[in-house]
Every structure is written in C-alpha cells, then in structure tokens.
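Have a look at the structure below, then the notes.
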Amino acid sequence: MTKSFGAVRALKGVSFDLRPGEVHALLGENGAGKSTLIKVVTGAHQPDGGTIEIGGCQVAHLTPASAHELGISCIYQQPALFPALTVAENIALRLEPATVGRRVNWPERRARAQKLLLRIGAAIDADTEVRRLSMPEQQLVEIACALGAGARIVIMDEPTASLTQKEQHLLFSVVRDLRASGVGVIYISHRLEEIFALADRVTVLRDGESVGTNKVDDMNEASLIKLMVGREVSQLYPPGDAAPREVVLSLKNLGCAASGVRNVTLNVRAGEIVGLAGLVGAGRTELARILFGLTPADEGELLLNGQRLTINSPPEAVAHGIAYVPEDRRRHGVILEMPIAANITLAIHQRLFPGAWLRLGAERQLALDYIRDLDIKAYGPEAPGGALSGGNQQKIALARWLATKPKLLILDEPTQGVDVGAKSEIHKIIRHLAKEGLAVLMISSDLPEVLGMSDRIAVMRGGTITALLPGGSLAHDVMAAALGQAEKGVAA
Amino acid sequence: MSTPHHKATGWKALLFRHETVLLLVLVMEWLYFNSVGRHFGSLDNTFDIVRHTVEIGLLALVMTPIILTGGIDLSVGSLLGLCAILFGKLWRDAGMSLMVAGLCTLGFGALAGGLNATLITWLRLPPLIVTLGTYSLFRGLAEAITHGADTFTNFPASFLFLGQERWLGIPAQAPVFIVVAIAVWLLVHRTTFGRSFRAIGFTPEGARYAGIPVERRISLVYVLAGIVAALAAIIYTARLGQAKADAGTGYELFAITAVVLGGTSIFGGIGSVHGTLLGVAAIAVLSNGLVHARQPREVAGMLTGGLLLLALSSSVLPKLLSGLRARKSAANVAPIAHQTTP
C-alpha cells in the first residue's frame, strides 16, 4: 500500500493484516505514517498503490461511507459526539438512516442504545446528555456506536491519552471483550506498557515503512524501541563545531502555568545547536512560545547574554534578538497572500525603514539577496508566499528571521512537510548559521534530524526537560527518555 | 522573467481592474447626468457635491485602514454627532474660543477612538460588536446632552467660512480633505504601518508571529478614525451653521459602502485609499445627479446598492470563471511555483 502527499511519500509499500478477534497494535514515531495508514483504512485518503481486502474481498474504492458499511469504525482521542444531545440520540444519529419525514420511535431508540451499552458493560443511562459524561464514558459511547454499526474492525487512535489509570482499566476490559466477540482491533498508542498489556501482535512503522510485525510475546520494551528508531543516523548531516562558546540563553526553573511548562533549566551557547526532542504534547512548542513572548513566563529566570529579561510580547523578543520560526508554516510562518519581499522584511520594519517610510528598492534588493543565498525557487520577490512549495516557504520564514540578525534562533519543526532535497539544504543553512556564532534551539520530532543536527539534545516530557543528552547519543536513549522509560540526567 | 505573472500580481491586477471599472462607472455617471440635468456639470454644482461629500469622504478615508486590518467601525457617524454637540457646548456654554473648542473636540475624538481600541485589543471583543455598542453609546450621549432638543447655532461668519465659502477658488473644506487624503494615502501605501495593517488583515496570528505589535497597530487605526470623525464634525457644523444631536446619522454605512465599493476587501488585507476616493466620488455623483435628473431621493439608495453589488461582482466574476476553468483543466496545467528567477 502506498500513499504520497505532494513530494513526500507518507507510506511506502506498507503491508498490514488484521485477524478477527485480535488486538493489533500500531507503533511508530510522530510522522511515521500511522495516521496516514488509518486514514487510508477509513477511506479518508485514497492509496496511490496497493490493495485493501476486507473479509477476503478486495475493495476497489474505499470511501468513508463505504468503510462504515463494511464495518470499519474509528475511535479518536477526542470523542466526536454532540454534547448537548443524549446518549441515545447520539447513537441514533450514527446508526439510524437519515430519512426525511420518518417518525422517531423513541422507546425503540432508547432500548437499542441501552442494549448496546449493556453489551460493553457500561453503566451509562441512555437518557444522559453526553456533556455530563466523563471522557472515558464518552469513549464507551463511541464503542457502543461502533458495535451497533456491526463493526468488524475497530480502530482506536491513542484512546488513553486523556484517561486516568482507573479509566484505562475500564477501557482495556472493554477492548478485551471486543476481542472475545471476534472484532479485530487496531490499537495505536505511544505507551509501550499498554501494548504489552493489551495487544496480541504489534506492527512498527518507521518513515512510512513497516519494519516488522511481531507477536507481542516475542518482544520486550528494548526491542520495540530499537525497532521504532533502529536505523543508522544518516551521514548526510553537516558536521558540527566542536568548540562551544559563551552561553547566550540561560533558563533557570522557567515555567508558565497557562501552557503547562514547568521547571525548565537549560543553557544554549553561541555556535551550538541544541535539539529539543520529545513527543507531541510534551511542551516543546509551548516552551518556544514562552521564549518568544507569546505566552509570557510566570516563574523562573530567563537570561540572554547574561542579562536577566522578562519577555512579554513578540516585539520585545525581537528587540532582544530572539527569533522564532514557528511550526505551522502556512498559518504563522509565512503570510501566504503577501509577496516574498514583504514577508522577509516583516520583522525588520524598524531597521530597514527608518522613520517608517517604505524603501521598496532596498526591500527588493534584500529579498533578492536572500532568494540567492538560500536558493529560494520563486519567479521573483513579488511572488506571493502561497505560490511556493513547502520547502521554499520554509526558507522564506527562515529568511525573515535571519534578516533580524538574531542572537538566538528557535526553530520549530524546521523541515516538517519539506521534501528531501530542501530538507538537507535547510540543514546546511542551520549548521552554517551555528558556525557563524548563532545559538540555535531546534525543536524536532524527526529523530534522525535531532540526532544528526544537535550538539546536545534536551528531551522534554510532561512540560519539563527530563534528560540532557550529548550530541552523539543513541536514538534508543532519546526515545526512551521521551517515552519516560528511563530518566537519565546528564549535567548541562 | 518570461514566466506568467498573473499569480504574483493576482490581487493587484484585480484591484487595478476594479478601480478601472469604478472610474468608468464614474465617467458614465457624470456624462449621463450632464446630459439629463441642466446645471449638473456646472462648477457651482461640482463644488456643491464636494461640500456635501467632505464629511462622509473623511470618514471613508479613515475607515479604509480599519477595514484593511479586518476590522470595522460602526460608531463614526454617532461620534460625529457627539463631537458636533461637544464642540457647540464647549463654545457656547463653556465660553471657549472656537479654536480651543475645536482642539478639545479633536482630543475627545481621539479618546472616543481609544475607547473602541481598548475594548477591541484588551478585551479581545470583535470590532463589529464593540463599535455597535459605541454606535448607540455616542448617539445616546449626544441626545442626553441636548435633551434631544437643544441645537447650537449663531456661529460667527469667520467659522462658517470653513463650511460655506470658497478659499483660493475652491470650497474652503476641500484643502482639509485633500491634506487628510494625502496623509492617509501615504500612511497606507508608503509606510510600514500600512504594511502592518495588511499583514494583520490577512492573518492576525501570522502578524503576531512576525513580531508586529498587533494591538498597537489596531489601536492606531481606531484612534485615527476618532480624530478624523471629530474633524468631520467641525466641518459639518460649519457647513450647516448648526450642531444637532442627529448630525451624521447613517454616515458610517455610507463610508463603509464607499470603502467596499472602492475595492477594499471586507475580510482585510486587500484594498487601496485611491479606490476609496473613487468609491466616495461614485456615490456622491450618483446622489447629486439624481436630484438634477428630478428623481426622488430614495432612488439614490437603490442605485447605490445596485452599484455596489455590480462593482463587486464585476471584480469577482472573472476570477470565479477563471477558477472554474482552472479546475476543469487542472490536470494539464503546469505548476508555475517552481520557476527560478533568471
């Protein structure tokens, strides 16, 4: 099965099979292709190649509607129920055909809902409004819907992400019941302990490829982590500079209650790339937003070049020489409707345009310089940002912040959704900047990138830095720290 | 650079086409009314149009940067009324000279605009809601001060000169308008402020991530609108020779209509001050011309609405059609985004 998006292949010849009455876990790093695989199976995306067979019959063209008819149900992290309606109404919305003018048979509707809930052992009254239910109860309602729809395949995408320990156990017993009744369950989770507790087999995806399907009994945590990351770090990454210089950024017990970041202590030196690793939701982007003044810190200290600062807004951050290339390029990194030149000069209005008067000639020249230096492929400085490919948009976002001549450059997923060629170009640019003395803090979920680019690696988990690892660390150690398997602290 | 340029200059070309259409409409209006009405084309009548348009024109000028940021200000008409009352009160009852009263009124306009700005940026309320509130508040205050009955009259002739006489051969308020028009045009088209307004209009979050002081820039456009509304109030009082609580009723909608007619996108980001000037002229010539063509006043409203819809669809329709064509032939269109500069 193959799936490509633009220039990036998200799935490369993945084979995956699910037997009735088994729990098959799907494991992989962020961006390994798990979500894409699920979207193909639920009919949200069409595969570019390969086949899908369900119950022995090949399915030519899977759409969300036909997937539903074939008995494929997906339960997401966030239940997609209507909070103001009752449980029975929500179940009816999924299961009853939408015909105009049909009279509602309330007793039947309620009875069916109650029967489905009983079948999964849920003590929920069908007349309760969904907003009064807890998160796991809502997930149970989702499962009841799936059962009612005659699901043969139930997909669960990180169902325990927001559950307490006790709620997890309830969910697990329901999943086991599903298995016992012959339903095939595809179970996605970052938590290894769940996979050992629940799954029969496990398939590990890496870079859109399946690196193996194994019986869970044959595996242990170490071998799973090795499978997830276990490749040699590419030699293509530009080599680093051995001699670190003075400390540029120093954080002491920094935190912000509103964004869930706490007790962050970290130094970033001039000429150094510090990789910030961790799973999605570990607090990495939140930390960057604090440093850029988008959500100001409310505890701890922030020192820039030894000077204690409070940064309350992005303009203040810019004035102090902090640059942030955000994760969401299309919404935050580049203004798609604006020409390249205007995009590049957006953060240097004060310096380039004294007295606020635009100097269009100087702006055009600056844009041409960056187009040349960063090899941005565009037909001119007047081209709108939205007309460029992802990699070139990222270079514009980078150019905007390089133009500010920052002391500290924060990069948030600098090569996400960028094709391979542009990716290595961006890596070279970043390394070059560090060599020129810039302090770089690079957030990345791309493990090879973190390992290949970083001089040191800080791993975040649960809003704080849980491990500081040296540049040449093993992928296994980084992943273990990100998953919370081992708490290793190495002095900064 | 032999590559097709239509994508780069897409919205600029659109704007240009829009302004050309509007200019054409304006010329056609003028030619038609000139042939129908006997005195329409006379210099006296032209000056009459100018006198009657300056206040709405001023409001439309400062409405342009507001709409460029993706905002709106419904309170400018009410603020004009309140400022006219305040101006009369300060002069007649507080015994201030006209000059001091005028300066105080301008200062009050800035404060009132600052109120809008504060509510929008601090409380993060939508501009539509905030200015809908101050729209009622300002008008209500004006009525409360005058108890709905008091009017201020008997201004000295030296003051009425501003609204009723000629200076250097043109209506005396025209130079004021020209100065404001040039200033707003420079602000929007030639300074970093204008850039910021557009960036905020396209995407406020994107502008924030670019380090633009979004709140300060938004505040600026509303304070500016307040000051200019106060200026319009003074000119209005000088033109009519009296200040009443209902001064400027409905002007905010004329101003918004002129701005949108002039090609400024109500969603923000795209638009121009010269477009707004053309929009103001098109509306002003239409309503004056209809009087000369002996048409009832209510026809003006209908035709203004029709003109607005026509002008908007004339700029959107070609884009819509080309979009449909592009979708049909999407398969065999070569991507133009990857061209290099020579």
Side-chain angles (χ1 to χ4, degrees), chain A residues 289 292-294 313-319 322-326 328 330-340 342-343 345-350 352-360 363 368 371-372 375-389 392-393 397 400-401 404, chain B residues 1-15 68-70 121 183 185-217 220 265 267-271 333-342:
Chain A
R289 286 174 53 92
F292 195 59
L294 284 159
S313 70
E316 285 179 37
V318 176
I322 296 176
Y324 175 45
V325 179
D328 193 336
R330 297 181 66 82
R331 279 178 59 216
H332 302 145
V334 176
I335 295 183
L336 300 175
E337 298 90 340
M338 275 194 152
I340 291 173
N343 260 300
T345 59
L346 215 48
I348 52 163
H349 278 174
Q350 283 182 346
L352 189 66
F353 307 122
W357 295 106
L358 295 179
R359 298 187 300 142
L360 297 175
E363 172 173 79
L368 284 171
I371 287 174
R372 188 195 58 224
D375 194 20
I376 296 168
K377 296 192 175 50
Y379 51 78
E382 65 280 358
L388 306 184
S389 69
N392 285 301
Q393 281 179 8
R400 174 192 290 172
W401 290 107
T404 65
Chain B
M1 286 201 275
S2 57
T3 48
H5 263 206
H6 66 270
K7 240 196 168 165
T9 49
W11 62 264
K12 273 187 186 162
L14 197 73
L15 202 63
L68 275 180
T69 65
T121 58
W185 190 89
L186 288 173
L187 178 77
V188 167
H189 295 281
R190 284 291 175 268
T191 70
T192 57
F193 293 98
R195 269 290 169 71
S196 309
F197 301 156
R198 286 178 202 276
I200 293 166
F202 283 130
T203 150
E205 274 303 290
R208 201 182 307 278
Y209 272 88
I212 290 173
V214 175
E215 279 76 21
R216 257 185 283 160
R217 293 290 175 271
L220 175 71
S265 163
F267 302 112
I270 299 168
V333 168
I336 60 161
H338 297 275
Q339 308 284 353
T340 355
T341 40

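To find a chain, count down the sequence lines: A is the first, B the second, and so on, and within it residues start at 1.
- With a threshold of 4.5 angstrom between heavy atoms, A:L294 approaches chain B through side-chain atoms but not through N, CA, C or O.
- Listed options A:A397, A:P314, A:A347, A:A356 were ranked by heavy-atom pairs under 4.5 angstrom with chain B; first place goes to A:A356.
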Q | Audit row: B:F202, A:L336, side chain to side chain contact (heavy atoms under 4.5 Å, CB included) steps and yes/no | A | CA-CA 8 Å; B:F202 283 130; A:L336 300 175; over 6 Å; no
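- Residues A:P326 and A:R289 are not in side-chain contact: their nearest non-hydrogen atoms beyond the backbone lie 4.5 Å or more apart.
- Taking A:F353 as the reference, A:H349 meet the ring-ring contact (aromatic ring centres under 6.0 Å, His included) condition, with sequence neighbours excluded.
- Taking the side-chain hydrogen bond (donor to acceptor under 3.5 Å, both in side chains) definition, one finds that A:E363 meets it with A:T345, B:R195, sequence neighbours left out.
- When the candidates A:V318, A:I340, A:N343, A:I335 are compared by the number of heavy-atom contacts under 4.5 Å with chain B, A:I335 comes out ahead.
- Between chain B and the residues A:L358, A:L352, A:T404, the most heavy-atom pairs under 4.5 angstrom are made by A:L358.
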